[in-house]
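Notes follow the structure.
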There are 2 protein chains.
Amino acid sequence: MTRADRPDPGDLDLQKQVCFALYAASRALTALYRPVLDRLGLTYPQYLVMLVLWERGPTSVKALGESLQLDSGTLSPLLKRLEAAGLVDRARDPRDERSVVVSLTPSGDRLREQATGIPRAIAEATGVPASELASLRDTLRKITEVATATPDKETT
Amino acid sequence: MTRADRPDPGDLDLQKQVCFALYAASRALTALYRPVLDRLGLTYPQYLVMLVLWERGPTSVKALGESLQLDSGTLSPLLKRLEAAGLVDRARDPRDERSVVVSLTPSGDRLREQATGIPRAIAEATGVPASELASLRDTLRKITEVATATPDKETT
DNA sequence: TGATGTTTAGTTGTGCGCAATCTAAATGCT
DNA sequence: AGCATTTAGATTGCGCACAACTAAACATCA
């Protein structure tokens, strides 16, 4: 709070921006996953959906969206592709016909075994110590929490 | 190296994965930029392109791609939209007709002034101390460097 | 010099993300 | 019960990302 909020031209330096570092790192890490996931026939977002299903079993589209911070505009077509691949089933919840429950097929369940070693392999490939990765993850979670909690902090 | 590389089922916990934290944080931060950039008529990737142009002046498509880690499949249509918006010009380099040089129009140059305060405003909105953001950025850069440097570390 | 290979952009096709809109089912209110 | 409101999911449209391919310009060298 010294003499802040006077815009510094240097602020527009691409390399100084955390947001760009985040954007670049996210794509780079996803690219690391790609050849591995290709063997499972999954894209990275599809893999995230499978992670939730492997962990929690049958899950509604709404709950999937809350876990992954994705809306139905993204999930609906993605789940349709997973269903076409024979990995998941979709069915209306008889107790609430608005809700669609996604569950694993036997084929989707079996895929779990092939996925078990992936996270560790990727973590090691980055060459960053596990402790540093853990603190990185915590900082990222803090940022995500603040950023998503903010409805629209407009000073107008 | 104690008793590692035996796959632990817990490894598939979504919340433990750095990659998901990265993916979620990147989208959350981009969402924070969105209302601000909307006022400039820019998307986030378009803003990144403008950052490079504001900093370096006329730049080839290839150099833009190297700075932002994006290929022509992404940049060509993006630049076409920036050109349609009247913010940039595109012209073949007379010295090497393969290369296309992107430069700012007066309108694109003026936009810089409106963008100057953005990074600081976003950084403050996250509530994370500047020092922590700086170390976060450095860790992210390290990960990006390793991940992009790896051509394909397949043990086959 | 002419054949060959490389570099640079652009195009096409697929799959996200996300805003906006739509439909149907459930819920609340009187 | 009757009707407005809310909720869950799907659809549409646009803009990235990225792989695969094409075409033109340049480089190289027998």
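Numbered from 1 within each chain, the chains take letters A, B, ... in sequence-line order. If you're wondering where the values come from, they're calculated on a predicted model, not measured in any experiment.
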May I ask you to list the residues of residues 71-82 of chain B, by number, that have any heavy atom positioned under 4.0 Å from an atom of DNA chain D?
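Close to the strand are B/D71, B/G73, B/T74, B/L78, B/R81.
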Is there a side-chain contact between [X] and [Y], using heavy atoms and a 4.5 Å cut-off?
X	Y	value
A/F20	A/Q15	yes
A/L53	A/V102	yes
A/L136	B/I143	yes

Does a side-chain N or O of [X] approach OP1 or OP2 of [N] to a distance below 4.0 Å, or not?
X	N	answer
B/Y23	C/dC16	no
B/R34	C/dA19	yes
A/Q69	C/dG17	no

Ion pair check, A/R98 and A/D96, cut-off under 4.0 Å:
yes
Distance in angstrom units between [X] [atom1] and [N] [atom2], rounded:
X	N	atom1	atom2	result
B/R92	D/dA24	CZ	C1'	8 Å
A/L64	C/dG17	CG	P	14 Å
A/R95	C/dA25	CZ	P	18 Å
A/L42	C/dG15	CG	P	13 Å
A/Y44	C/dC16	OH	C1'	13 Å
B/Q46	D/dG15	CD	P	8 Å
A/E97	C/dA26	CD	P	6 Å
A/L68	C/dC18	CG	P	12 Å

Parallel, tilted or perpendicular, judged at 30° and 60°: which one describes the rings of A/Y23 and B/Y44?
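Judged by the thresholds at 30° and 60°, the geometry between A/Y23 and B/Y44 is perpendicular.
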Whichever of B/K62 and A/D96 has its nearest DNA chain C nucleotide further upstream toward 5'
B/K62
Looking across every strand, which nucleic acid part, if any, lies under 4.0 Å from B/S60 by heavy atom: base, sugar-phosphate, or nothing?
sugar-phosphate
Candidate nucleotides [options], ranked by approach to the side chain of [X] - the nearest:
X	options	result
A/L70	C/dC18, D/dC18, C/dT8	C/dC18
A/V100	D/dA17, D/dA10, D/dA8	D/dA10
B/R98	D/dA25, D/dG15, C/dA9	D/dA25
B/V61	D/dC26, D/dA19, C/dG10	C/dG10

Could you go through A/L111 and A/L42, starting from their C-alpha distance and side-chain angles, then the distance that decides it, and tell me whether this counts as side chain to side chain contact (heavy atoms under 4.5 Å, CB included)?
CA-CA 10 Å; A/L111 205 60; A/L42 294 175; 3.9 Å; yes
Using side chain to side chain contact (heavy atoms under 4.5 Å, CB included), reason through A/T43 and A/Q46 one step at a time and then give a plain yes or no.
CA-CA 5 Å; A/T43 65; A/Q46 289 168 7; 3.1 Å; yes
